[in-house]
Undergrad: 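If you scroll down you'll find the structure; I have some questions about it.
Predicted model only: the values in this text are computed from it and were never measured. Chain letters run A, B, ... following the sequence lines, proteins first and then strands; every chain starts at 1. Note that these values count all heavy atoms, side chains included, but never hydrogens, waters or copies made by symmetry.
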Amino acid sequence: MLPDNWNGMTPAERLEFRLAGWASAGGMEFASPEAKEKYEIRTKRFIDVLKLKEPDMVPVELVGGGVIARHAGFTDGDMMYDYEKATSASLKIHEDFDIDYQVAGNFWPGPMYDRLGYKLYKWPGHDLAGNQPYQAVEGEYMMADEYAELINDSEKFMLRKYFPRVFESLGAFSMLPSFWGATELPFVPFMMTPFGIPPVQEAFEAFLDAAKLSLEFMGAMGALGGQIAAVHGIPGTLGGFSKVPFDFIGDTLRGTKGIMLDMFRRPDDVVAASDALLPMAIEFAVGNANASGNPFIYIVMHKGADGFMSNDDFKRFYWPGFKKLMLGIIEQGAVPFNFVEGGYNSRLDIIAEDGDIPPGTTMWMFDKTDIAEAKKKFGPWAAIGGNIPASLFMAGTPEQMRDKVKETMEIAAPGGGYFMTPGAVIDHATDANIEAYLAAGKEFGKY
Amino acid sequence: MTTTADLVAAITEMREDDAAAYARELIDGGTGPVPILDACREAMDIIGKRFEEGDAFIPELILAGEMLKSVTEVVKPHLKSGDAEEALGTIVLGTVEGDIHDIAKDIVAFMLEINGFEVADLGVDVAAAEFVKAVGETGAKIVGLSGFLTLAYDPMKDTVAALKAAGFDGKVMVGGGQVDESIREYTGADAYGKDAMAAVALAKKWSGVD
């Protein structure tokens with residue numbers, strides 16, 4: 001719950017409020033004083049990094065993924081269809097390894113997606129084999145000539161156009177009326193009647209069923225996170241998600257090919273749509289942080305990476321929306337945790353030289369970006385993390401892992417402001433490599 | 001009068017409407033399909049070089065591909081048998097089983113094609129047996145395995161093993177997302193390519209072109 005005087009608070013005060021809530025686990029009861037103490041040390045360490053201070057040691061994060069299921073001998077499909085297995089697998093990884101921050105493992109509600117008839121993704125246990133992680137299906141889910149509709153009323157576009165395209169069970173949402181019928185007594189029946197038509201009723205039944213399945217899942221997931229925190233003193237660092245407006249449009253509305261052609265064919269539409277979606281992207285992030293009591297919002301970044309566009313196009317199409325998204329989140333006291341997929345070497349200067357992002361308010365998790373350059377250019381004003389290669393977890397030896405961690409620590413850890421993490425989601429790993437990663441992180445991460 | 005040089009300029013300057021219009025004007029003015037396709041190739045070479053040098057990016061490649069498609073549609077009805085140029089060789093390419101990502105693979109296919117290779121693109125989620133079959137059918141001596149996720153590691157390894165077991169004596173390259181030299185070693189492939197340019201360089205080296 002936000003305090004009554006929230007609107008009168010500065011962004012810095014709001015951040016302090018949110019961080020304090022997270023660091024105290026929202027007043028949760030711990031199973032033991034040891035768990036409580038560990039939780040406090042670990043949250044303080046993470047907050048020190050955010051604030052560019054030197055913590056007691058480098059926080060060591062392990063980005064989850066399919067590895068959680070596999071370590072327990074289960075499949076990716078089990079994580080979506082068997083909550084007992086998903087829960088026990090999630091507990092097991094935190095019990096078997098010396099983990100400091102919660103690892104999330106592709107634990108999502110398969111039955112809910114089934115009930116909705118979600119077509120945007122393929123997932124294990126549905127239309128992928130059980131041992132494969134979920135993956136998006138590239139396509140045009142918004143047509144090139146629909147930008148105006150998206151820009152004019154993005155929620156209406158979602159409800160009546162996008163839902164029927166991505167949710168098989170919600171096809172009849174295309175028949176939904178305007179809600180402005182609420183404004184006059186004689187108008188109301190005209191608004192309500194479409195909801196009584198059988199296909200619309202069926203769609204709403206699916207909608208409500210899916211909502212219940214989602215609530216059930218969130219209960220299971222919330223209980224799991226609480227248990228890991230209460231018993232082991234391991235905080236979660238994922239408070240919610242959002243995306244850069246350009247990625248919202250490019251990833252799953254227009255598709256990669258679509259948005260890239262739009263940059264030539266209708267550049268003004270792309271820019272206008274990015275602007276139009278910005279308030280939603282911010283609200284989405286902040287709403288997640290409010291609901292979870294955890295201020296760290298993962299911004300999953302895709303199409304601004306090296307090679308995906310020129311620096312000029314980055315400055316025109318991607319960066320303005322990205323920057324305003326970060327500023328909007330910071331304004332509300334939450335923390336943009338930028339999951340920078342791919343390489344960002346060509347973008348570092350543009351971002352670093354901008355100068356508008358307040359120091360100590362953002363965290364950047366790098367994948368293929370040169371960590372030394374990132375340290376040099378971002379180190380003075382932003383917390384950075386990365387970028388132990390995902391490949392090493394699967395195909396490396398413990399010695400190679402130890403060497404890589406040592407090398408990365410020597411470059412990125414001095415002075416603080418660094419958290420260690422793989423650069424990508426880990427679906428496959430040997431136990432020996434996970435152990436080597438965590439042990440080396442603790443060995444070389446001491447200040 | 002529109003010249004093939006105008007067409008090259010339109011394509012390399014990303015003037016999509018002009019490119020298609022010029023192709024029609026050239027055909028109507030009596031220019032044969034072969035010089036027009038040569039102009040396209042010249043333009044693609046220029047764009048490919050810019051991509052290699054970091055002056056063009058995926059959007060430019062995608063638009064260039066679209067322009068090439070529309071020009072080809074214009075000239076196709078005028079092509080005679082024997083007009084087609086001999087390819088440098090065939091390369092079997094695909095995203096391995098379980099992985100449905102295609103962007104990087106498509107860019108590799110595009111760059112190989114504009115560099116004179118024939119690409120047998122098997123698409124995404126391609127089983128090892130399909131690679132083996134395609135190699136048998138095309139006689140390709142080079143196979144490219146793409147994968148974005150770490151789940152691709154094992155299918156890559158299995159595909160390399162299946163190709164070897166089937167007597168394939170050519171070369172296999174791997175690339176994409178979280179693939180690197182350690183994964184090359186893990187999968188038993190002959191080489192790892194960091195990007196589309198590396199794929200072209202490897203293909204040329206293995207074909208004895210450069």
Undergrad: Between A:Q135 (side chain) and B:I100 (backbone), is there a donor-acceptor pair under 3.5 Å?
TA: yes

Undergrad: Using a 6.0 Å cut-off, check whether atom NZ of A:K368 has over 12 heavy atoms from anything other than its own residue.
TA: yes

Undergrad: If you measure from CZ on B:F57 to CG on A:N311, what distance do you get to the nearest 0.5 Å?
TA: 6.5 Å

Undergrad: Counting neighbours of CD on B:E185 that are heavy atoms of other residues, nucleotides or ligands and sit closer than 6.0 Å, is the number greater than 12?
TA: no

Undergrad: Return yes when atom NZ of A:K406 has more than 12 non-hydrogen atoms of other residues, nucleotides or ligands closer than 6.0 Å, and no otherwise.
TA: no

Undergrad: At their closest point, which heavy atom of A:A390 faces which heavy atom of B:Q178, and how far apart are they?
TA: CB-OE1, 3.7 Å

Undergrad: How long is the span from the CD1 atom in B:I103 to the NE2 atom in A:H302, to the nearest 0.5 Å?
TA: 10.0 Å

Undergrad: If I measure from the heavy atoms of chain B, does A:D367 come under 4.5 Å with its side chain, its backbone, both, or neither?
TA: side chain

Undergrad: A:E341 versus chain B, heavy atoms under 4.5 Å apart: side chain, backbone, both or neither?
TA: side chain

Undergrad: Kindly compute the distance separating CE (A:M394) from OH (B:Y186), expressed to the nearest 0.5 Å.
TA: 3.0 Å

Undergrad: Looking at side-chain heavy atoms only, is the closest gap between B:I62 and A:L261 below 4.5 Å?
TA: yes

Undergrad: Identify which part of A:M263 has an atom lying under 4.5 Å from any heavy atom of chain B, answering side chain, backbone, both or neither.
TA: side chain

Undergrad: Taking all atoms of both residues into account, what is the closest heavy-atom pair of B:I58 and A:M260, and its distance?
TA: CG2-SD, 3.6 Å

Undergrad: Considering only heavy atoms and a distance below 4.5 Å, find which of A:P124, A:P133, A:A129, A:G66 pairs most often with chain B.
TA: A:P133

Undergrad: Would you compute the distance between atom CG of B:L151 and atom CZ of A:R70 and round it to the nearest 0.5 angstrom?
TA: 8.0 Å

Undergrad: To check you understand the geometry: which heavy-atom pair defines the closest contact between B:S182 and A:S391, and what is its length?
TA: OG-OG, 3.5 Å

Undergrad: Side chain, backbone, both or neither: which part of A:N131 has a non-hydrogen atom closer than 4.5 Å to chain B?
TA: neither

Undergrad: Rounded to the nearest 0.5 Å, what separation is found between the OG1 atom of A:T256 and the NE2 atom of B:H101?
TA: 9.0 Å

Undergrad: What part of A:P389 gets closer than 4.5 Å to chain B, counting heavy atoms only: side chain, backbone, both or neither?
TA: side chain

Undergrad: If I measure from the heavy atoms of chain A, does B:D17 come under 4.5 Å with its side chain, its backbone, both, or neither?
TA: neither

Undergrad: Chain A heavy atoms under 4.5 Å from B:L63: which part of the residue, side chain, backbone, both or neither?
TA: both

Undergrad: If you count every heavy atom of other residues, nucleotides or ligands that lies below 6.0 Å from B:E181 atom CD, does the total exceed 12?
TA: yes

Undergrad: At a heavy-atom separation under 4.5 Å, does A:A136 approach chain B through its side chain, its backbone, both, or neither?
TA: backbone

Undergrad: Just give me the residue among B:D195, B:D102, B:D99, B:D154 that pairs up with chain A most often, heavy atom to heavy atom, under 4.5 Å.
TA: B:D99

Undergrad: Determine the sole option in B:M14, B:R15, B:E66 for which the side-chain contact (heavy atoms from CB on, under 4.5 Å) test with A:F264 is passed.
TA: B:M14

